[in-house]
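What follows is a single structure, written as structure tokens, with notes after it.
All of these numbers come straight from a predicted model, not from anything done at the bench. Naming convention: chains lettered A, B, ... in sequence-line order (proteins, then strands); numbering from 1 in each chain.
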Amino acid sequence: MGEGFPQIQVRSVKHALNVTREQDFAAWYQAVISEADLAEESGVRGCMVIRPWGYGIWERMQKLLDAEIKATGHENCYFPLFIPLSFFEKEAEHVDGFAKEMAVVTHHRLIQKDGRLVPDPEAKLEEPLVVRPTSETVIGAAFSRWVQSWRDLPVLINQWANVVRWEMRTRMFLRTSEFLWQEGHTAHATPEEAREETLKMLEVYRSFAEDCLAMPVIAGEKPENERFPGAVSTYSIEAMMQDGKALQAGTSHFLGTTFSSAQNIRFQNSEGQQELAHTTSWGVSTRMIGGVIMVHGDDDGLRCPPRIAPHQIVIVPMLRDTPEDEDILAYCAEITEALNAQDVFREPVRAHLDRKSAKAANKRWGWVKKGAPVIVEVGGRDLAAGNVSVLRRDRLYKADGKLDSAIMAKGDFIGGAVQLLAEIQTALHEEATAFISRNINRDVKDMEGLKAWFSAARPGWLEVQWSKPTGAALDKVVETLKGLKLTLRNVPSDAGPADGACIFTGDAAVERVLVGRAY
RNA sequence: CGGGGAGUAGCGCAGCCUGGUAGCGCAUCUGCUUUGGGAGCAGAGGGCCGGAGGUUCGAAUCCUCUCUCCCCGACCA
């Protein structure tokens, strides 16, 4: 890779962060989170405080995705945080997948003992409760009550919730012990319909990522070894971070009758016979915020796509503690109102007037780090001339390294703001698409070529032909890749046909699979 | 969970080896000067030195335990 990173490090530009992507990608990622006020440590292992700007981005994601989930016929509901242990025991594969990382509640009362609070032995729960790591089991139990007849199907529900998985190694947003997500769960009369649902929601995720997050993704089916515990088929969208690593940004599972047989989700069909329902589940989480950071961020912080930016346009008045300040603020308020009266992406524009009495330059750099798509500065001279000074966050600098601040008439800016936001959304998407495109190689045909590709500093992905081995043969492939710190990502839905030999086994290839390093 | 590193002011760090009541830069506050810009000068505020025990007349510093974070690995929808 390296294309996105100049080899010669001439920094004529003074950046807002004290570490660049090129110097140390992991440190840069953390710097963005901290400097953009997205989240911070909580003192609780693996758990984070999501700060208003970070949570605002999540709320934007929720709003946009929730509308799509509802538009595809699903209803929201809420299931309990606590799940009886016995629910998990019903499905062996599911147990295997999650048993190692579950938080367990065993007591319901504390008592004072030697000056300390300890669980009261008298208050031990008869049956321990686990904090949900995912809700297939409880929701399946509900489905078995709700579904009696073929007329009750399909059941199409979704919930926005938090889940807990006791992860060994955590990273802000990408893998935290507690995270926020939505989980959709559906039950259908036929496997065909359930598969169709699985793919429909995969497509909802794909278009949500592309259109709202400006994040190009590859949608496809996960290989057998990467399946969700209990799933018949697992599909994912995979996004490429600027260091070339893959991030699984959303998953959709066809669960077949795994959970309907474990939870007894049966219905009487039109011929009067009992049948097992076919279920699906699908989810995206706050992990996506990490994806947005690593796809769009630059050495000055986050670049937030307008559709998910809590504030799309921030107006920064340059105040000087003079009587003129009042006039400048009034002028800015007028601009803010005029912007907010317009619609962009079929929603009201979100313009924000930063009235804080801090120095204008400091406020500006604060918004640069947070990634506000458009930053408008207004000083006395602008006021006098009826102008504004406009910064586009997606391209901050001119060729000479100076800030590319455009002075324009107030009316022109207001009139063009909607189009400007649309342009920025598109520009971020195009930039990210160009990046992923030039960092996927589809021409490597042998293991030597594969090793060479991945010996680069920041390799992207390979799309290779393979024979789709299963069982022990697949394990061998996975083991080989593991030695190279690589994983099979997915089999892209739109990959071309296979016409050669399997890069791993030499057998005739049947499809194409993505290989890369992953988060 | 294994190996390594780290926790001292909001952020970044020095001090620890060779114990003696805590310092630097940026940020913050006040004043003056400046004003198309991350300003200059002067002054000020802010720290249970991650936590608990121990050694000592005295611990940021030495010892033990523990919590949290980072990196690598194992693990992982």
Side-chain angles (χ1 to χ4, degrees), chain A residues 13-19 24-27 29-31 33-35 37 40-48 93-94 96-102 116 133-136 163 165-172 174-177 179 181 183 205 222-223 225-231 233-238 247-255 280-285 287 300 316-322 324 328 356-369 375 377-385 387-389 391 396 402-403 405 407 482-483 485 487 489-490 518-519:
Chain A
V13 178
K14 181 185 176 188
H15 287 286
L17 303 182
N18 58 16
V19 57
D24 185 339
F25 199 80
Y29 175 72
Q30 292 181 137
I33 290 171
S34 135
E35 292 294 313
D37 293 341
E40 63 187 16
E41 283 166 29
S42 63
V44 182
R45 186 194 188 90
C47 297
M48 60 181 175
E93 212 178 315
H94 201 56
D96 266 4
F98 288 106
K100 299 177 293 295
E101 52 183 48
M102 291 214 269
R116 308 212 50 136
T134 179
S135 303
E136 275 75 9
V163 286
R165 296 175 190 183
W166 216 259
E167 300 289 352
M168 288 294 102
R169 185 176 173 188
T170 59
R171 282 168 190 266
M172 290 263 193
L174 301 179
R175 178 171 289 108
T176 46
S177 293
F179 57 93
W181 75 347
E183 49 177 324
Y205 290 158
K222 283 283 193 186
N225 63 308
E226 298 273 350
R227 269 180 214 147
F228 175 72
S233 315
T234 287
Y235 299 82
S236 72
I237 52 171
E238 302 281 333
L247 183 73
Q248 179 175 298
T251 51
S252 186
H253 315 289
F254 170 58
L255 303 171
T280 81
S281 68
W282 27 273
V284 303
S285 71
R287 168 182 269 196
D300 292 295
V316 180
M318 295 189 276
L319 306 174
R320 290 184 197 158
D321 293 321
T322 64
E324 193 186 32
I328 294 176
K356 275 192 183 157
S357 71
K359 280 181 207 156
N362 289 339
K363 289 201 286 191
R364 174 182 67 208
W365 285 102
W367 291 114
V368 164
K369 289 189 281 190
I375 299 164
E377 294 174 293
V378 177
R381 202 177 298 172
D382 295 308
L383 171 64
N387 286 339
V388 292
S389 178
L391 268 179
L396 266 188
K402 291 192 172 141
L403 283 179
S405 188
I407 294 173
K482 198 165 143 187
K485 294 200 275 192
T487 56
R489 302 317 304 159
N490 70 19
Y519 276 100

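- Under the side chain to side chain donor-acceptor pair (under 3.5 Å) criterion, A:S34 pairs with no residue, sequence neighbours left out.
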Reading 5' to 3' through nucleotides 66-74 of chain B, protein heavy-atom contacts under 4.0 Å coded B for base, S for sugar-phosphate only, - for none: --SSSSBBB
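- Scanning for side chain to side chain donor-acceptor pair (under 3.5 Å) contacts around A:T280 gives A:T186, A:W282, with sequence neighbours left out.
- Nucleotide B:G12 has B:C24 as its partner under the Watson-Crick or G-U criteria, with both atom distances under 3.5 Å.
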Would you tabulate the pairs of protein nitrogen or oxygen atoms and nucleotide nitrogen or oxygen atoms of nucleotides 31-35 of chain B closer than 3.5 angstrom?
| residue | atom | partner | partner atom | Å |
| --- | --- | --- | --- | --- |
| B:U35 | O2' | A:R320 | NH2 | 3.1 |

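- With P as the reference atom, B:C13 and B:U8 are 9 Å apart, rounded to whole Å.
- With sequence neighbours excluded, the residues satisfying side chain to side chain contact (heavy atoms under 4.5 Å, CB included) with A:A27 are A:V19, A:D24.
- Contact check for A:E136 versus A:S281: side-chain heavy atoms found under the 4.5 Å cut-off.
- Across all strands shown, A:S389 has heavy atoms under 4.0 Å from base atoms, whether or not it also approaches the sugar-phosphate.
- Contact between the side-chain N/O atoms of A:N362 and the OP1/OP2 oxygens of B:U28 is found at a separation under 4.0 Å.
- In terms of the side chain to side chain donor-acceptor pair (under 3.5 Å) criterion, residue partners of A:Y205 (sequence neighbours excluded) are, by chain and number, A:Q182.
- Considering only residues two or more places apart in sequence or on other chains, A:Q30 meets the side chain to side chain contact (heavy atoms under 4.5 Å, CB included) condition with none of them.
- For the pair A:R489 CZ and B:C76 P, the computed distance is 13 Å after rounding to whole Å.
- A:D96 is linked by a side chain to side chain contact (heavy atoms under 4.5 Å, CB included) to nothing, counting only residues two or more places apart in sequence or in another chain.
- Under the side chain to side chain donor-acceptor pair (under 3.5 Å) criterion, A:S405 pairs with A:S389, not counting sequence neighbours.
- In this entry the distance linking CH2 of A:W365 with P of B:A27 reads 15 Å, nearest Å.
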